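Comments concern the structure below.
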Amino acid sequence: MATGRGHRVDDITSGATGSGFLAPRKGRSIGFAAERRRVLVTVVHEEGIIYTVNMLILNKTAGVFSKPSKRNMYEFLRSFNFHPGKLFLHKLVLGIETSCDDTAAAVVDETGNVLGEAIHSQTEVHLKTGGIIPPVAQQLHRENIQRIVQEALSASKVSPSELSAIATTIKPGLALSLGVGLSFSLQLVDQLKKPFIPIHHMEAHALTIRLTNKVEFPFLVLLISGGHCLLALVRGVSDFLLLGKSLDIAPGDMLDKVARRLSLIKHPECSTMSGGKAIEHLAKQGNKLHFDFKPPMQRARNCDFSFSGLHHVIDKMIMQKEKEEGIEKGQILSSAADIAAAVQHTIACHIAKRTHRAILFCKQRDLLCQSNAVLVVSGGVASNLYIRKALEIVTDATQCTLLCPPPRLCTDNGIMIAWNGVERLRAGLGILHSTEGIRYEPKCPLGADISKEVGEAAIKVPRLKMKI
């Protein structure tokens with residue numbers, strides 16, 4: 001979409017993926033924006049105190065701010081709680097997350113207090129379609145982002161003018177989803193004249209543990225989710241060394257694919273669960289030894305991951321079992337629980353071995369303490385307790401401490417984005433007072449890639465008994 005003078009942006013209202021979203025230049029609006037006006041409203045509180053509020057109303061369909069009607073203005077104002085005499089002594093950051101299929105927002109102060117949060121999950125919708133359809137995710141973000149931000153602010157009892165900064169995920173993720181969050185945030189930043197803090201989604205996951213635990217740099221982080229799988233050394237708020245990553249699909253994606261292939265949504269115990277949760281639940285009833293799947297990349301002495309080859313092997317085996325049992329694709333195999341158990345075990349062993357090598361490499365190069373080093377595991381798949389137990393075996397063998405954020409903070413949320421904003425605000429890193437030229441980035445690496453150096457070290461990993 002053109003906006004004149006060759007200033008191009010992607011049309012995130014049309015469903016086109018495009019290469020990125022370019023912020024409007026000062027004094028100009030992006031092509032689909034309605035007229036934007038600052039609306040100053042005088043409100044008399046019931047106790048007689050007068051407030052002048054810089055109010056914003058979001059046009060739901062366009063995803064932009066426009067002049068509100070009197071009724072909408074009144075309703076919007078009523079949604080906020082005014083507290084006469086309330087003084088916020090700490091810096092406050094609003095975090096907004098729309099990188100995939102969760103619309104989330106939260107307000108966190110610089111001491112780590114979560115003042116308010118809200119989230120809208122699209123899981124139920126995407127379960128019915130058998131996966132995330134980007135234009136559907138985009139539309140659901142558009143429909144819910146105003147309400148979610150409003151709920152987070154209302155719960156925090158913080159008015160927009162009291163915020164110190166606004167932090168928003170801009171990379172990596174689904175282009176259409178990222179575009180909604182960025183568009184909303186840029187309008188908000190422009191109206192409130194607040195600093196903007198662009199957030200790397202994986203950096204936010206990595207730093208969440210510092211909200212819940214006293215963890216000093218450096219530490220090793222394993223990020224495992226439906227869209228990502230990587231190992232990195234965290235040396236500072238924005239200082240990462242990438243040790244290894246998935247060469248193809250992510251473990252959460254593979255678990256979802258296997259669950260769909262096994263038609264677990266038709267299983268009475270798994271009908272409302274995501275693919276990964278369904279596999280974990282059913283695996284408890286199965287025997288992992290009934291199927292012998294080999295962990296991938298056993299001869300590759302690096303910290304990279306691979307799951308697509310294993311997925312292909314499993315897919316062929318399921319097809320074979322369907323023929324043996326005389327059932328059609330879409331019906332549930334009698335051996336589904338055993339397959340789930342074997343798949344989960346194989347993935348856990350693969351992740352554990354690559355993580356083990358990463359720990360040994362970091363200690364060999366004095367990048368981590370020889371004792372009491374910390375391994376942080378985060379991301380949606382980190383909530384899988386079987387995989388956690390496999391990693392506990394590794395950390396016990398290497399004299400490390402395993403830390404995981406609470407399950408609700410492992411999956412995508414607004415708290416981690418706000419907290420990452422707090423960390424950057426305190427460190428004075430990446431705080432923008434002008435948003436001209438800011439883009440979302442669907443694909444974006446994390447930190448400096450030293451995976452080649454890890455591979456050249458060719459560290460042999462001692463065999464550990466995975467008795468889980």
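Source: prediction; values computed, not measured.
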Query raised in the report: Around Lys389, counting heavy atoms of other residues, nucleotides and ligands shown, do more than 12 lie under 6.0 Å from its NZ?
Result: no
Report task. Please round to the nearest 0.5 Å and tell me the distance separating atom CG of Leu247 and atom CG of Asp304. Result -> 4.5 Å
Report summary line: Closest non-hydrogen contact found for Asn302 with Gly455 is CB-CA, 3.9 Å
Query raised in the report: With no hydrogens and no angle check, is any side-chain donor or acceptor of Ser164 less than 3.5 Å from a backbone partner on Leu92?
Result: yes
Query - Shortest non-hydrogen contact between Leu429 and Ser238, atoms and distance - result: CD1-OG, 3.6 Å
Query raised in the report: Which is it for Val313 and Lys316 under the side-chain contact (heavy atoms from CB on, under 4.5 Å) test, yes or no, and what are the steps along the way?
Result: CA-CA 5 Å; Val313 170; Lys316 285 179 65 177; 6.0 Å; no
Query raised in the report: Got a donor-acceptor contact below 3.5 angstrom from the Lys193 side chain to the Asp190 backbone?
Result: yes
Query - Neighbour count >12 (heavy atoms, 6.0 Å) for atom CD, Glu456 - result: yes
Query raised in the report: Looking at side-chain heavy atoms only, is the closest gap between Ile199 and Met416 below 4.5 Å?
Result: no
Query raised in the report: Quick one: does His350's side chain have a donor or acceptor within less than 3.5 Å of a partner on Ser306's backbone?
Result: yes
Requested in this report: Give a yes or no on whether the backbone of Ile417 and the side-chain of His201 come within a donor-acceptor separation of less than 3.5 Å.
Outcome: no
Query raised in the report: About how many Å separate CG of Leu310 and NE2 of His312, when rounded to the nearest 0.5 Å?
Result: 11.0 Å
Query raised in the report: Is the backbone of Gly330 close enough, under 3.5 Å, to the side chain of Ser263 for a donor and an acceptor to pair up by distance?
Result: yes
Report task. Would you tell me whether His205 and Asp412 have side-chain atoms, one donor and one acceptor, within less than 3.5 Å of each other? Result -> yes
Query raised in the report: Hey, are the side chains of Val136 and His126 touching, using non-hydrogen atoms and a 4.5 Å cut-off?
Result: yes
**Report entry** Thr398 backbone acceptor or donor facing Lys363 side chain under 3.5 Å
**Finding:** yes
Query - Heavy-atom donor-acceptor pair, Asp102 side chain to Cys100 backbone, under 3.5 Å - result: no
Query raised in the report: Would you say the side chains of Asn384 and Gln344 form a donor-acceptor pair under 3.5 Å?
Result: yes
**Report entry** Side chains of Arg261 and Glu322 in contact at under 4.5 Å (non-hydrogen atoms)
**Finding:** yes
Requested in this report: Could you walk me through whether Cys362 and Leu243 pass the side-chain contact (heavy atoms from CB on, under 4.5 Å) test, one step at a time?
Outcome: CA-CA 9 Å; Cys362 289; Leu243 306 176; 3.7 Å; yes
Requested in this report: Please step through side-chain contact (heavy atoms from CB on, under 4.5 Å) for the pair Val237 and Phe217, ending with a clear verdict.
Outcome: CA-CA 9 Å; Val237 171; Phe217 301 117; 4.1 Å; yes
Query raised in the report: So, does Lys266 use its side chain to make a donor-acceptor pair with the main chain of Ile332 at under 3.5 Å?
Result: no
Requested in this report: Locate the shortest heavy-atom distance separating Pro172 from Cys444; write the atom from each residue and the value.
Outcome: CB-N, 3.8 Å
**Report entry** Derivation of the salt bridge (Lys or Arg N to Asp or Glu O under 4.0 Å) call for Arg388 and Glu392
**Finding:** CA-CA 6 Å; Arg388 279 199 199 186; Glu392 280 177 12; over 6 Å; no
Requested in this report: State, with a plain yes or no, whether a side-chain heavy atom of Met273 is found less than 4.5 Å away from one of Leu264.
Outcome: no
Query raised in the report: Could you walk me through whether Phe184 and His141 pass the ring-ring contact (aromatic ring centres under 6.0 Å, His included) check?
Result: CA-CA 10 Å; Phe184 184 99; His141 282 308; over 10 Å; no
Report summary line: So OG1 of Thr346 and CZ of Phe307: to nearest 0.5 Å the spacing works out to 11.0 Å
Query raised in the report: Taking NZ, NE, NH1 and NH2 as the nitrogens, is one of them in Arg260 or Asp256 under 4.0 Å from a carboxylate oxygen of the other?
Result: no
Report task. Using atom types as modelled and distance alone, determine if a side-chain donor or acceptor of Gln122 lies under 3.5 Å from a backbone N or O of Ala137. Result -> yes
Report task. Heavy atoms only: give me the nearest Tyr440-Leu178 pair and the separation to one decimal. Result -> CB-CB, 3.9 Å
Requested in this report: Might you point out which heavy atoms bring Ser378 and Cys410 nearest each other, and give the distance in Å?
Outcome: OG-CA, 4.3 Å
Report task. Could you tell me whether the side chain of Ile393 reaches within less than 4.5 Å of the side chain of Met466, counting heavy atoms only? Result -> yes
Query raised in the report: Backbone N or O of Val215 within a donor-acceptor pair of the Asn213 side chain at under 3.5 Å?
Result: no
Requested in this report: Applying side-chain contact (heavy atoms from CB on, under 4.5 Å) between Phe361 and each of Leu367, Leu368, Leu233, report the one that passes.
Outcome: Leu367
Query raised in the report: Considering only heavy atoms from C-beta outward, does the side chain of Lys321 approach that of Phe291 to under 4.5 Å?
Result: yes
Report task. Indicate yes or no: does Glu151 engage Arg147 in a salt bridge with an N to O separation below 4.0 Å. Result -> yes
Query - Interatomic spacing from CD1 in Ile224 to CG in Leu231 - rounded to 0.5 Å - result: 9.0 Å
**Report entry** Ion pair check, Glu269 and Lys284, cut-off under 4.0 Å
**Finding:** no
Query raised in the report: Does any non-hydrogen side-chain atom of Val125 lie less than 4.5 Å from one of Asp101?
Result: no
Requested in this report: Please name the pair of heavy atoms, one in Arg424 and one in Glu203, separated by the smallest distance, quoted to 0.1 Å.
Outcome: NE-OE2, 2.8 Å
Query raised in the report: Picking from Ser185, Pro198, Ser99, Ser183, what satisfies side-chain contact (heavy atoms from CB on, under 4.5 Å) with Thr168?
Result: Ser185
Query - Modelled atom types, side-chain donor and acceptor of His90 and Asp109, under 3.5 Å - result: no
Query raised in the report: Is there a side-chain hydrogen bond (donor to acceptor under 3.5 Å, both in side chains) between Ser371 and Gln399 once you walk through the steps?
Result: CA-CA 6 Å; Ser371 60; Gln399 294 182 302; over 6 Å; no
Query raised in the report: Nearest 0.5 Å, what's the CG-OG1 distance between Leu402 and Thr355?
Result: 9.5 Å
Requested in this report: Step by step, work out the side-chain contact (heavy atoms from CB on, under 4.5 Å) result for Phe219 and Arg210.
Outcome: CA-CA 11 Å; Phe219 60 88; Arg210 285 167 51 85; 4.1 Å; yes
Query - Spacing of CD1 belonging to Ile359 relative to CG belonging to Leu391, to within rounding of 0.5 Å - result: 8.0 Å
Requested in this report: Would you check if Val158 and Leu94 make a side-chain contact, meaning some heavy-atom pair closer than 4.5 Å?
Outcome: no
